[in-house]
Amino acid sequence: MRTVSMCFSSFSQVPRCRIYNLAHFWSERFHNLSRTCGYNSSSKIYDSKIYMLDGGNSRKWTRRSVTTNTQGRNKSGQCSDPRKLRQEILDVTVSTSATLNLNKIETSQYQQIQHFDIRQLIAQNKDLASLVTVIVFDTETTGFSRERDHIIEIALQDLQGGENSTFQTLVNPECRVLNSHIHGITTNMVNRPDVPRMEDLIPILLKYVKSRQKPGGCVLFVAHNARTFDVPFLCNAFRRCGVDIPSDWLFKDTLPMGREAMKSEGSKPSSRSISLQALREHLGIPLDGSAHRAMSDVKVLAAVFQRLTFMLKLPLASLVEDAFTASEIGTPKKKSSR
């Protein structure tokens, strides 16, 4: 596979001397939260090791064990006075309930730290944007229904460039392809034993993305019409295979960017004028390969994306702040404050 190296001046490399990253920033947020909530770290939490964003650590918080030891019981475990026995049971119940409620509070606060929005971290510290890996991707499918149809081709390109910066494969949908006239992919091309099924591809895809991801950072996936097409299809493919989309994956849709760019030039954008191929022609970007094949569209989008960010003067930090997560699919898009 030919490796394509794209130059994207807005995406700065991580300085060699920089040791401050998202994990350190997260650690500070945790200690601030602990002080705000009145936690005593020596008595409530014994292990203050902070989770990295890539989920590499599997250590859990160590908590106080619940004690149900009562005082005044005789060795035989019997009590001569039933009223005393009833009081002991009530004391144990109250003590246990209070301890469990405290543990629930600790768990809730911990989850706030573990799932603290990466977008908010970068909004508060723009330097952290240098830890974001930007990957342009595209999918081809058997149709337009995210519930019934399946992905039959996927391609990705890491805008950092370098060796192995692209990834492309057909996908076996285990069904007929009835829309070959759109992308040129036929049933015979994909329904073959040497073409991976989605359940076989997902582990390979996860490993590839992890190999491109910067340590302690997150990944920003860019696609045209991502919110209503590519990302829902990707999410459903993962769901069918019982796999969750990683929490450090963010998504950016270039369709609204194309609309804003057209408005900035005084044009009235339409659904046809902001399609990927229309934007390519408008910006004078040559077609590389056949339109509506995943890798060809990825190469076009990589060029279009860079031009749009330049036209709209959008730094990487702003792109991340305006991105969405897989869990936000189907929710209304928040209006930008810009």
Side-chain angles (χ1 to χ4, degrees), residues 1-6 133-146 149-161 164-192 194-209 211-212 219-238 240-241 245 249 251-255 258 275-281 285-306 326:
M1 180 182 297
R2 182 161 58 90
T3 301
V4 180
S5 178
M6 299 298 297
T133 300
V134 181
I135 294 179
V136 176
F137 82 105
D138 184 69
T139 61
E140 301 299 334
T141 65
T142 58
F144 296 107
S145 172
R146 64 179 73 174
D149 291 307
H150 301 267
I151 294 173
I152 53 177
E153 187 179 37
I154 186 169
L156 304 89
Q157 178 179 333
D158 182 353
L159 291 187
Q160 293 180 102
N164 299 322
S165 61
T166 59
F167 178 98
Q168 181 273 334
T169 183
L170 293 172
V171 184
N172 187 344
E174 300 182 285
C175 66
R176 295 179 61 193
V177 179
L178 302 178
N179 60 342
S180 300
H181 61 282
I182 295 177
H183 39 59
I185 301 174
T186 65
T187 301
N188 292 335
M189 290 173 61
V190 292
N191 281 336
R192 298 167 43 174
D194 58 334
V195 175
R197 299 171 300 170
M198 184 55 71
E199 61 189 64
D200 303 317
L201 175 62
I202 286 178
I204 300 172
L205 182 63
L206 291 172
K207 186 175 181 180
Y208 172 77
V209 173
S211 72
R212 307 301 303 181
V219 182
L220 178 66
F221 287 90
V222 178
H224 200 65
N225 202 18
R227 184 177 284 273
T228 59
F229 189 81
D230 295 277
V231 177
F233 267 92
L234 190 66
C235 290
N236 281 339
F238 271 63
R240 291 185 188 112
C241 297
I245 296 287
W249 285 16
F251 300 93
K252 177 64 179 176
D253 192 343
T254 54
L255 193 65
S275 68
L276 181 58
Q277 296 307 319
L279 289 172
R280 176 189 66 78
E281 294 175 1
I285 297 171
L287 179 63
D288 187 352
S290 302
H292 300 300
R293 286 300 300 267
M295 183 52 73
S296 175
D297 285 354
V298 161
K299 292 176 182 178
V300 168
L301 181 56
V304 168
F305 177 57
Q306 294 176 70

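We use all heavy atoms of the structure for the numbers below, so side chains are in, but hydrogens, waters and symmetry mates are not.
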**Student:** Where the side chain of Asp288 meets the backbone of Ser296, is there a donor-acceptor pair that is under 3.5 Å apart?
**Tutor:** no
**Student:** Is it the case that the side chain of Ser180 and the backbone of Ile185 share a donor-acceptor pair, with hydrogens and angles ignored and the cut-off at 3.5 Å?
**Tutor:** yes
**Student:** Distance-only, no hydrogens or angles: does the Asn236 side chain make a donor-acceptor pair with backbone N or O of Arg146 under 3.5 Å?
**Tutor:** yes
**Student:** Could you pull out all residues at least two apart from Phe233 that satisfy ring pair (Phe, Tyr, Trp, His ring centres under 6.0 Å)?
**Tutor:** Phe229
**Student:** Within this structure, what is the CD-CG distance for the pair Gln277 and Leu287, rounded to the nearest 0.5 Å?
**Tutor:** 5.5 Å
**Student:** Could you measure the distance from the CG atom of Leu279 to the CG atom of Leu255? Nearest 0.5 Å is fine.
**Tutor:** 8.0 Å
**Student:** In Å and rounded to the nearest 0.5 Å, what is the CZ to CG distance from Arg176 to Asn188?
**Tutor:** 10.5 Å
**Student:** Under 3.5 Å, is there a donor-acceptor pair between the Thr254 and His224 side chains?
**Tutor:** yes
**Student:** For Thr228, check side-chain hydrogen bond (donor to acceptor under 3.5 Å, both in side chains) against everything at least two apart and list the hits.
**Tutor:** Asn225
**Student:** Can you tell me how far apart CG (Asp297) and NE2 (His183) are? Round to the nearest 0.5 Å.
**Tutor:** 11.0 Å
**Student:** Using side-chain heavy atoms (C-beta onward) and a distance below 4.5 Å, is Leu234 in contact with Phe251?
**Tutor:** yes
**Student:** Output, in order, the C-alpha distance, side-chain angles, deciding distance and verdict of side chain to side chain donor-acceptor pair (under 3.5 Å) for Gln160 and Asp158.
**Tutor:** CA-CA 5 Å; Gln160 293 180 102; Asp158 182 353; 3.0 Å; yes
**Student:** Is there a side-chain contact between Phe144 and Asn179 in this structure, where contact means two heavy atoms from C-beta onward sitting under 4.5 Å apart?
**Tutor:** no
**Student:** Would a distance-only check, ignoring hydrogens and angles, find a side-chain to backbone donor-acceptor pair under 3.5 Å from Arg280 to Val300?
**Tutor:** no
**Student:** Side chain to side chain donor-acceptor pair (under 3.5 Å), that's the test. Do Gln168 and Gln157 meet it? Break it down for me.
**Tutor:** CA-CA 9 Å; Gln168 181 273 334; Gln157 178 179 333; over 6 Å; no
**Student:** Check this for me, if you would: do Glu153 and Arg293 make a salt bridge, where the nitrogen-to-carboxylate-oxygen distance has to be below 4.0 angstrom?
**Tutor:** yes
**Student:** Decide whether Thr139 and Asp230 meet the rule of one side-chain donor and one side-chain acceptor closer than 3.5 Å.
**Tutor:** yes
**Student:** Are any side-chain N or O atoms of Asn172 and backbone N or O atoms of Arg192, one a donor and one an acceptor, separated by less than 3.5 Å?
**Tutor:** yes
**Student:** Kindly give the heavy-atom pair with the smallest separation between Asn191 and Pro173, and that separation in Å.
**Tutor:** OD1-CD, 3.7 Å
**Student:** When rounded to the nearest 0.5 angstrom, what distance separates OG1 in Thr186 from CG in Leu178?
**Tutor:** 12.0 Å
**Student:** To the closest 0.5 Å, what do you measure between CD1 (Ile154) and CD1 (Ile151)?
**Tutor:** 5.5 Å
**Student:** Please tabulate, for side-chain N and O atoms in residues 200-208, each donor-acceptor pair with protein atoms closer than 3.5 Å (sequence neighbours left out).
**Tutor:**
from   : atom 1 : to     : atom 2 : distance (Å)
Asp200 : OD2    : Arg197 : NE     : 3.2
Tyr208 : OH     : Asn164 : O      : 3.0
Tyr208 : OH     : Ser165 : O      : 3.1
Tyr208 : OH     : Thr166 : N      : 3.4

**Student:** Mark yes or no for whether Asp138, through its side chain, and Ala155, through its backbone, hold a donor-acceptor pair below 3.5 Å.
**Tutor:** no
**Student:** Can you give me the closest heavy-atom contact between Val195 and Met189, atom names plus distance?
**Tutor:** CG2-O, 3.6 Å
**Student:** List the atom of Pro196, the atom of Thr169, and the distance in Å for their closest heavy-atom pair.
**Tutor:** CG-OG1, 3.8 Å
**Student:** Given side chains that start at C-beta, do those of Thr141 and His150 come closer than 4.5 Å, heavy atoms only?
**Tutor:** no
**Student:** Looking only at heavy atoms, what is the nearest atom pair of Arg212 and Ile135, with distance?
**Tutor:** CB-CD1, 4.4 Å
